[in-house]
Amino acid sequence: MILNTTYTERDQEERIDNLVGKKFGFIETLKLKGIGSKRMIINKASYKIESLLNKSQDINYVNIELRPKGVLLRIHATLKTYAWVIPYYQLVVFKSLNTSIHAQGQFIQFKQDNRLRDNKGFFQKMMDQRLLCTTMNHPKL
């Protein structure tokens, strides 16, 4: 689900909280040593996401926020901000020549640069949280 979060609305926050959980508290954030990635540059995106991005030569950025049951990808395009809400059970990360996130029939591919390399530890933390969340919800695995 992709929402325009330039101006936050209460019902949007409730929908996001229902899907991926409420924001981590201060203590949990300290234990995780941060819950947000550094910003990364979008290289390519699926059609639906591409239609939200700048059509000019401006650079489009994204950063990722961890939540207890999923992640929020905050897409910054011109003066608007969008949130792509992804529960962990839908999250797929591909790392080959390029790094990309896929879910719900959409994808975002990140530009291979220093910003992405700086987020290597964050991607590991995100995958650890995903594993923790899925094993807690399915104890027979």
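Note that the structure is a prediction, hence the values are computed from the model and not measured.
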Asker: Under 4.5 Å between any side-chain heavy atoms of H76 and N63, yes or no?
Answerer: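 Yes, at least one pair of side-chain atoms sits under 4.5 Å.
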Asker: Could you verify whether a donor N or O on one side chain and an acceptor N or O on the other, from Q109 and S100, lie under 3.5 Å apart?
Answerer: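 Not at all, the side chains of Q109 and S100 share no donor-acceptor pair under 3.5 Å.
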Asker: Check the surroundings of atom NZ in K111: do more than 12 heavy atoms from other residues, nucleotides or ligands lie under 6.0 Å from it?
Answerer: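 No - once you tally the heavy atoms of other residues, nucleotides and ligands closer than 6.0 Å, there are 12 at most.
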Asker: In the structure I gave you, are the side-chain heavy atoms of R130 and C133 within less than 4.5 Å of one another anywhere?
Answerer: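 R130 does not reach C133 side chain to side chain.
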Asker: Hey, are the side chains of I41 and N60 touching, using non-hydrogen atoms and a 4.5 Å cut-off?
Answerer: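 Heavy-atom side-chain distance check fails, nothing below 4.5 Å.
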Asker: What is the distance from atom CG of D113 to atom CG of D118, rounded to the nearest 0.5 Å?
Answerer: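 That separation rounds to 8.5 Å.
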Asker: To the nearest 0.5 Å, how far apart are CG in L72 and CG in L3?
Answerer: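 Separation between the atoms: 9.0 Å.
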Asker: Scan the side chains in residues 20-40 for donor-acceptor partners under 3.5 Å anywhere in the protein, sequence neighbours excluded, and list what turns up.
Answerer:
unit_1: E28; atom_1: OE1; unit_2: G25; atom_2: N; d: 3.0
unit_1: T29; atom_1: OG1; unit_2: G25; atom_2: O; d: 2.8
unit_1: S37; atom_1: OG; unit_2: I64; atom_2: N; d: 2.8

Asker: Enter the distance from I86:CD1 to Q106:CD here, rounded to the nearest 0.5 Å.
Answerer: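 Here the interatomic distance stands at 9.5 Å.
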Asker: Under a 3.5 Å distance rule, please check whether Q12 uses its side chain to pair with a backbone N or O of N4 as donor and acceptor.
Answerer: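 Yes; at least one donor-acceptor contact below 3.5 Å.
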Asker: Treating Q104 as the side-chain partner and M1 as the backbone partner, does any N or O pair qualify as donor plus acceptor under 3.5 Å?
Answerer: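 Yes.
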Asker: Has D128 got a side-chain atom pairing as donor or acceptor with L131's backbone, closer than 3.5 angstrom?
Answerer: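 Here the side-chain-to-backbone pair does not exist.
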Asker: Which pair of non-hydrogen atoms, one from K48 and one from L52, has the smallest distance, and what is that distance?
Answerer: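 Where K48 meets L52 most closely, the heavy atoms are O-CG, 3.6 Å.
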Asker: Show your working on side-chain hydrogen bond (donor to acceptor under 3.5 Å, both in side chains) between E14 and N18 and close with a plain yes or no.
Answerer: CA-CA 6 Å; E14 289 176 4; N18 288 338; over 6 Å; no
Asker: Would you say I16 and L19 are hydrophobically clustered, going by side-chain heavy atoms of ILVMFWY under 4.5 Å?
Answerer: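 Yes; L19 is reachable from I16 via cluster members.
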Asker: Are I75 and F123 linked, directly or through intermediate hydrophobic residues, by side-chain heavy-atom contacts shorter than 4.5 Å (ILVMFWY only)?
Answerer: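 Same hydrophobic cluster.
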Asker: Between Y61 and Y82, is there shared hydrophobic-cluster membership here, with clusters defined by ILVMFWY side-chain heavy atoms closer than 4.5 Å?
Answerer: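 No, it is not one cluster - the side chains of Y61 and Y82 are not joined through contacts under 4.5 Å.
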Asker: Please name the pair of heavy atoms, one in L53 and one in A77, separated by the smallest distance, quoted to 0.1 Å.
Answerer: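 Taking every non-hydrogen atom into account, CA-CB, 4.0 Å.
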Asker: Are M126 and I42 joined in one hydrophobic group, where the rule is that I, L, V, M, F, W and Y side chains link up if heavy atoms are under 4.5 Å apart?
Answerer: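 Shared cluster, yes.
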Asker: Can we say E65 and R67 salt-bridge, meaning some charged N sits less than 4.0 Å from an Asp/Glu carboxylate O?
Answerer: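 Salt bridge between E65 and R67, a charged N being under 4.0 Å from a carboxylate O: yes.
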Asker: With hydrophobic residues grouped by side-chain heavy-atom distances under 4.5 Å, do L66 and V93 end up in a single group?
Answerer: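 Same cluster: L66 reaches V93 through Ile, Leu, Val, Met, Phe, Trp or Tyr contacts under 4.5 Å.
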Asker: Let me see the working for F107 and I101 under side chain to side chain contact (heavy atoms under 4.5 Å, CB included), right down to the final yes or no.
Answerer: CA-CA 6 Å; F107 77 91; I101 289 183; over 6 Å; no
Asker: Assess whether side chain to side chain contact (heavy atoms under 4.5 Å, CB included) is satisfied between R74 and T5, documenting all intermediate values.
Answerer: CA-CA 9 Å; R74 302 265 186 196; T5 57; 3.7 Å; yes
Asker: If we only count heavy atoms from C-beta on, is the I108 to W84 side-chain gap below 4.5 Å?
Answerer: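 Yes, close enough: below the 4.5 Å cut-off.
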